[in-house]
Q: 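Pasting in a structure now, in structure tokens, and then I'll have a few things to ask.
Treat the numbers as computed from the prediction; the structure is a model and nothing was measured. In what follows, chains carry the letters A, B, and so on, assigned in the order in which the sequence lines appear, proteins first and then strands, with residues in each chain numbered from 1.
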Protein chains: 2
Amino acid sequence: MNDIYKDLREQITRLVPFPDADWQDFVSHWHPMDVAKGAVLTKIGQVEDYFYYVHDGVVRVYALKDGEDISIGFSYNGDYTGAYDSFLTRAPSEWYIEAIAPTRLLKIDYNALSYLFDQYKAAERWGRLFNAQILIGMFRRQLETRSYSAEERFERLMQQSAHIFQLVPQKYIASYLGMTPETLSRMRNKSR
Amino acid sequence: MNDIYKDLREQITRLVPFPDADWQDFVSHWHPMDVAKGAVLTKIGQVEDYFYYVHDGVVRVYALKDGEDISIGFSYNGDYTGAYDSFLTRAPSEWYIEAIAPTRLLKIDYNALSYLFDQYKAAERWGRLFNAQILIGMFRRQLETRSYSAEERFERLMQQSAHIFQLVPQKYIASYLGMTPETLSRMRNKSR
DNA sequence: ATCGTTTCTTGATATAAATCAATCGCAATA
DNA sequence: TATTGCGATTGATTTATATCAAGAAACGAT
């Protein structure tokens, strides 16, 4: 089915009403892509050429520090993903982008998106508001990680996104929460 | 002197070339403001109405957690500041914005900036790229806090921004680095 | 279904940093 | 110049979380 595009439009319309006329051209630059679990979309050191919309599945963003991997975040249905800072700066990515489940995406490349920004005011505005939205999320998360202990962070995640434990292996969640898998395991089994 | 506006233009031009014609109107909405050390620009719970350009001085952004204050960041010459997420969402701010030295700013209010975004494509683009720039900084800082121990964070700050120790009291720097003032003090005096 | 990996759990121990407490230094003010 | 109060230092102790280690459970591939 092609309503993956319909979903994209809905997502974008939440930020900016897009005239039908412009939408035709806009959407024609987004290409569907299916990847298997374990597929790597972007490697550290690579310049990110794509910006992704996740229709279905789960994508993980992580960095490497002394061989250890550090999970930065996860994207699901309706989220965007990619090594977005590398995409913006054209500098090598500091993150791996990896599908951790079979995933269906739409992707657009840098040149196409730049063209759209030049061409359509609505696109430019969407870009601004989209960036703002990410920004707000990062502010929130920063406050979250700074204000709460490991245990509080775990409990808040349980309350706000319990479903994540079904989708993402615990070791990644542990890393995302800034603790070891052992610590997370203990916390889970204490409440039980 | 009025070259505070010249500095603003230079700052903005780094991201977007602004046509002279549009610039006149654009800049007319930015108003100068001088505040004393200790002045509070925005309080927690207040909706942020302004976006600031710091010409001179130092501004600190912090949050409160159980009475303790958590320093989130500092802005100096040429930086922007404000409770930017509140400014964007029109929701109550989660941060205090405070001058910690005599400070000279330019400020623009929400309605004026919205008007400029509507009016000028260059403004809209500046908004997008400006958001992107902040975003990139936050990504970098997130990786920084996640990848390094307290001691490494201290040493990296020393290398990259030693001047901050002249401008900002140590207890704020400690909080910014995610450690207690005692820990920071010990680290400083160990190397000496 | 079975074998081999990888992930999760549980326990014992180690450690970085926090907390508590006292003193010192210093800048602002009377 | 004396006084006051906040910030920085230094030491002793506590605590949360990491690390190390080993067994159990879950999962993927043959």
Side-chain angles (χ1 to χ4, degrees), chain A residues 35-40 57-58 60 62-71 74 96 98-103 144-158 162 164-192, chain B residues 36-40 58 60 62 64-71 74 96 98-102 144-158 162 164-192:
Chain A
V35 298
K37 175 173 175 171
V40 172
V58 188
R60 177 172 80 104
Y62 66 103
L64 278 187
K65 162 70 182 169
D66 305 333
E68 290 289 317
D69 87 33
I70 302 175
S71 288
F74 310 95
Y96 275 100
E98 175 200 50
I100 59 174
T103 300
E144 188 84 14
T145 40
R146 293 290 303 279
S147 302
Y148 299 101
S149 69
E151 185 142 23
E152 288 170 317
R153 294 195 304 273
F154 160 68
E155 259 149 24
R156 294 171 64 87
L157 186 69
M158 279 295 277
I164 197 181
F165 288 90
Q166 265 59 62
L167 297 171
V168 177
Q170 280 184 38
K171 60 173 186 166
Y172 296 148
I173 297 179
S175 159
Y176 174 76
L177 286 174
M179 63 182 75
T180 59
E182 290 95 327
T183 299
L184 179 59
S185 171
R186 280 182 247 271
M187 286 174 182
R188 275 169 56 81
N189 295 57
K190 191 157 65 177
S191 36
R192 195 175 39 88
Chain B
K37 175 173 174 173
V40 173
V58 188
R60 178 173 79 106
Y62 66 101
L64 279 187
K65 163 69 181 172
D66 305 332
E68 289 289 316
D69 88 33
I70 302 174
S71 288
F74 310 95
Y96 275 100
E98 174 201 48
I100 58 173
E144 187 83 15
T145 39
R146 292 291 303 277
S147 301
Y148 299 100
S149 69
E151 186 142 25
E152 288 169 317
R153 294 196 303 273
F154 161 67
E155 261 150 23
R156 294 170 64 87
L157 186 68
M158 278 296 276
I164 198 182
F165 287 91
Q166 265 60 62
L167 296 172
V168 177
Q170 281 184 37
K171 59 173 186 166
Y172 296 149
I173 297 179
S175 160
Y176 173 75
L177 287 173
M179 62 183 75
T180 59
E182 291 94 327
T183 299
L184 179 59
S185 171
R186 280 183 246 272
M187 286 176 181
R188 274 169 57 80
N189 295 62
K190 191 158 64 175
S191 36
R192 196 174 41 88

Q: Working to the nearest 0.5 angstrom, can you tell me the gap between B:Arg156 CZ and B:Glu151 CD?
A: 13.5 Å
Q: Answer yes or no: is there a donor N or O on one side and an acceptor on the other, between the side chain of A:Arg153 and the main chain of A:Tyr148, under 3.5 Å?
A: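 Yes.
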Q: Within less than 4.0 Å of OP1 or OP2 of D:dG28, is there a side-chain N or O belonging to A:Lys37?
A: yes
Q: Has A:Asn189 got a side-chain N or O lying under 4.0 Å from the OP1 or OP2 atom of C:dT10?
A: yes
Q: Ignoring hydrogens and angles, write down the donor-acceptor pairs under 3.5 Å from the side chains of residues 171-185 of chain A, residues two or more places apart or on other chains.
A:
unit_1, atom_1, unit_2, atom_2, d
A:Ser175, OG, A:Ser71, N, 2.6
A:Thr180, OG1, A:Thr183, N, 3.3
A:Thr180, OG1, A:Thr183, OG1, 3.0

Q: Between D:dA8, C:dC8, C:dA12, which nucleotide has the shortest distance from any of its atoms to the side chain of A:Arg186?
A: C:dA12
Q: Grab the CD-P distance between B:Gln170 and C:dC26 for me, whole Å please.
A: 13 Å
Q: Quickly work out the A:Asp69 CG to C:dT7 P distance and round it to whole Å.
A: 10 Å
Q: How close do A:Ile100 and A:Leu167 get, counting heavy atoms only, and between which atoms?
A: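 Heavy atoms only, the tightest pair is CD1-O, 4.3 Å.
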Q: Measure from CD1 on A:Ile100 to P on C:dT7 and round the result to the nearest Å.
A: 12 Å
Q: Give the rounded distance in Å between these two atoms: CZ of A:Phe154 and P of D:dA18.
A: 14 Å
Q: In this structure, how many angstroms lie between the P atom of D:dG5 and the NZ atom of B:Lys171, rounded?
A: 16 Å
Q: In residues 173-185 of chain B, what residues come within less than 4.0 Å of DNA chain D, judged by heavy atoms?
A: B:Glu182, B:Ser185
Q: Once rounded to the nearest 0.5 Å, what's the spacing between atom CE of A:Met158 and atom CZ of A:Arg188?
A: 6.5 Å
Q: Of all the nucleotides listed (D:dA12, C:dT10, D:dT9), which has the minimum atom distance to the side chain of B:Arg188?
A: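 For the B:Arg188 side chain, the nearest candidate turns out to be D:dT9.
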Q: Could you give the CD-to-P distance, from A:Gln166 to D:dA26, as a whole number of Å?
A: 14 Å
Q: Nearest whole Å is fine: how far is C:dA17 P from B:Glu68 CD?
A: 18 Å
Q: Any idea which of D:dT17, D:dT9, D:dG11 is nearest the A:Ser149 side chain?
A: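 From the listed options, D:dT17 comes nearest.
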Q: Tell me if the NZ atom of B:Lys65 is crowded by more than 12 foreign heavy atoms within 6.0 Å.
A: yes
Q: Over 60° means perpendicular and under 30° means parallel, so classify the ring planes of A:Tyr62 and A:Tyr96, tilted if in between.
A: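 It falls in the parallel class, under 30°.
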Q: About how many Å separate CE of B:Met187 and CG of B:Asn189, when rounded to the nearest 0.5 Å?
A: 12.0 Å
Q: In this structure, how many angstroms lie between the C1' atom of D:dA18 and the OH atom of B:Tyr148, rounded?
A: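 To the nearest whole Å, that distance equals 20 Å.
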Q: Between the two ends of the helix from C:dA1-D:dT30 to C:dA30-D:dT1, what is the bend in degrees, rounded to 10 degrees, where each end axis spans five pairs?
A: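 For the helix from C:dA1-D:dT30 to C:dA30-D:dT1, the axes at either end differ by 50°.
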Q: Which nucleotide, C:dA17, D:dA12, D:dA8, lies nearest any side-chain atom of B:Met187?
A: C:dA17
